[in-house]
Amino acid sequence: MQGSLKDIFDSYVKGGRVFKNKETLSIRFAPDNIPHRDRQLKQIGLIIAPVLRNEKPSNIFVYGKTGTGKTLVVSNVINTLLKSADGSDSRLRIIYVNCKMKKTTDTEYRLLAHLLSYFGETVPYTGLPTNELYSKFYKYLDSRNQNVIIVLDEVDSLIRKIGDDILYNLTRVNQELDNSQLTIIGISNNISFIETLDPRVRSSLSEEEIIFPPYNASELRDILTERTGQAFSPGAVPTGVVAKCAALAAQEHGDARKALDLLRVAGEIAERNGSPVVEEKHVDMAEKKLDTDKIMETIHSQPKQSQAVLKAILSLYGDGEKNIQTGDVYDSYSRICRSNGITPLTQRRVSDLISELDMFGVINARVTSKGRYGRTRVININHPETLIRKMGDFLVGEFG
DNA sequence: GTTAGTTCAGTTGAAAGCAATATTATCGGCTAC
DNA sequence: AGCCGATAATATTGCTTTCAACTGAACTAACGA
């Protein structure tokens with residue numbers, strides 16, 4: 001009792017110091033304990049354990065939606081494995097590649113170059129035929145007796161870009177090697193992704209499949225509770241707030257990442273407002289802020305043309321137009337292009353851009369048949385006024 | 001009142017054009033023998 | 001001779017445009033009761 005009273009005084013003295021260690025809420029932070037993932041952890045561990053005896057484990061294919069702890073669990077297993085292997089003489093090599101990182105791995109060549117660089121082999125940035133890299137890679141693997149595990153995080157985006165040839169080649173590497181062994185762990189967000197693969201690749205890559213189901217609200221609550229202990233000052237986060245974050249994130253396919261973001265941003269807001277305690281209204285504000293940030297970010301990263309289309313839509317919306325149609329947008333858009341010295345695209349393309357903006361959730365568009373008066377997309381914007389104004393301000397900056 | 005056709009205003013899919021990059025092939029110069 | 005880097009030649013992308021078939025309900029006209 002006295003301890004907690006002291007805590008309250010302490011935090012009061014520090015002037016609404018909500019966080020103790022904010023780092024622990026970041027995505028990059030790897031906690032030692034991963035609640036509700038014991039089963040997966042054990043499964044992967046069991047499958048992969050044979051490497052310690054220099055035997056080849058099965059290839060593993062891991063899938064589950066974003067924020068279900070796939071990467072976390074896999075990297076946890078890997079680290080523990082490396083620690084256990086430290087003493088023994090098994091020649092264990094683990095390579096982790098995040099295929100989403102555009103720069104390093106957007107072609108077969110780049111990926112191989114990346115893998116080779118793990119072996120200390122530098123290859124020219126460009127200029128060598130891809131086959132050369134393969135044989136180099138094989139040679140390197142085979143040059144010494146070793147057990148190599150390659151973790152391909154977000155393989156689905158890799159395959160979408162460069163096809164499944166590379167997986168085919170990698171999975172059959174073992175037949176070519178005499179001394180070494182290669183195991184592949186593929187991690188994917190997309191569950192249906194495995195079905196798009198070549199059957200041969202599919203069977204060898206997914207010798208073992210591990211599924212990460214979404215967290216439900218109470219599991220999320222456990223995760224958050226665990227992290228709040230590390231991240232926040234004692235007593236700064238009431239259980240109601242944790243529950244609220246968990247519930248909000250559970251609505252969105254149980255994304256733990258989102259739950260943590262909510263909590264972190266809510267904490268930041270509380271701190272900024274000088275409140276020593278995170279309140280539920282801060283969570284609401286945090287959710288709005290996250291939404292806004294996400295949309296503003298997508299807008300920022302849109303190409304000029306797409307921004308111009310959005311500008312056209314917004315200016316129609318600003319004129320009080322309800323039920324904006326593609327034709328109107330196109331007129332307004334070509335006006336904007338003319339006054340800004342941009343060459344306008346065809347209506348065909350603009351139509352696609354509109355549906356893209358819809359997919360991103362920036363606007364809301366759906367095709368409606370207006371009977372005798374044709375068929376078109378009806379566009380509206382379902383955002384709070386503040387966000388719309390923010391969008392408008394940004395686009396005025398771009399297009400005057 | 002029902003039914004069968006029309007019609008509009010784009011939507012959607014496929015194919016092809018085009019410019020920017022990436023990958024391969026080729027060549028001349030340089031080094032080591 | 002063999003290797004290296006530079007450059008030319010070729011292939012691959014990513015974004016657009018062109019062409020053309022398709023859509024679905026409001027509107028119309030004809031139908032039958």
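So you know, we letter chains A, B, ... as the sequences are listed, proteins then strands, and number each from 1. Quantities reported herein were computed from a predicted structural model and do not represent experimental measurements.
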Legend entry - Residues within residues 342-363 of chain A bordering DNA chain C, heavy-atom distance below 4.0 Å: A:Pro344, A:Leu345, A:Thr346, A:Arg348, A:Arg349

Legend entry - Distance, rounded to the nearest Å, where A:Ile379 contributes CD1 and B:dA9 contributes P: 16 Å

Inset, instruction - State whether a side-chain donor-acceptor pair under 3.5 Å links A:Asp153 with A:Thr71. - result: yes

Inset, instruction - Determine: side-chain N/O of A:Gln325 to OP1/OP2 of B:dA9, distance under 4.0 Å, yes or no. - result: no

Legend entry - Heavy-atom closest pair, residues A:Asp358 and A:Ala365: OD1-N, 3.1 Å

Legend entry - Cation-pi geometry met for A:Lys304 and A:Phe399 (6.0 Å, 45°): yes

Legend entry - Any residue meeting side chain to side chain donor-acceptor pair (under 3.5 Å) with A:Asn76, in chain and number order, not counting sequence neighbours: A:Thr80

Legend entry - Atom-pair distance (CD on A:Gln302; P on C:dG14), nearest Å: 17 Å

Inset, instruction - Output yes when at least one side-chain N/O atom of A:Tyr373 is less than 4.0 Å from OP1 or OP2 of B:dT7, else no. - result: no

Inset, instruction - For the residue pair A:Thr368 and A:Arg377, confirm or rule out a side-chain donor-acceptor distance under 3.5 Å. - result: no

Legend entry - A:Arg377 CZ - C:dC22 P separation (whole Å): 19 Å

Legend entry - cation_pi(A:Arg37, A:Tyr215) dist<6.0 Å, angle<=45: yes

Legend entry - A:Arg372 CZ to C:dA26 P, straight-line distance once rounded to whole Å: 13 Å

Legend entry - Side-chain-base donor-acceptor pair under 3.5 Å for A:Ser369 and C:dG24: yes

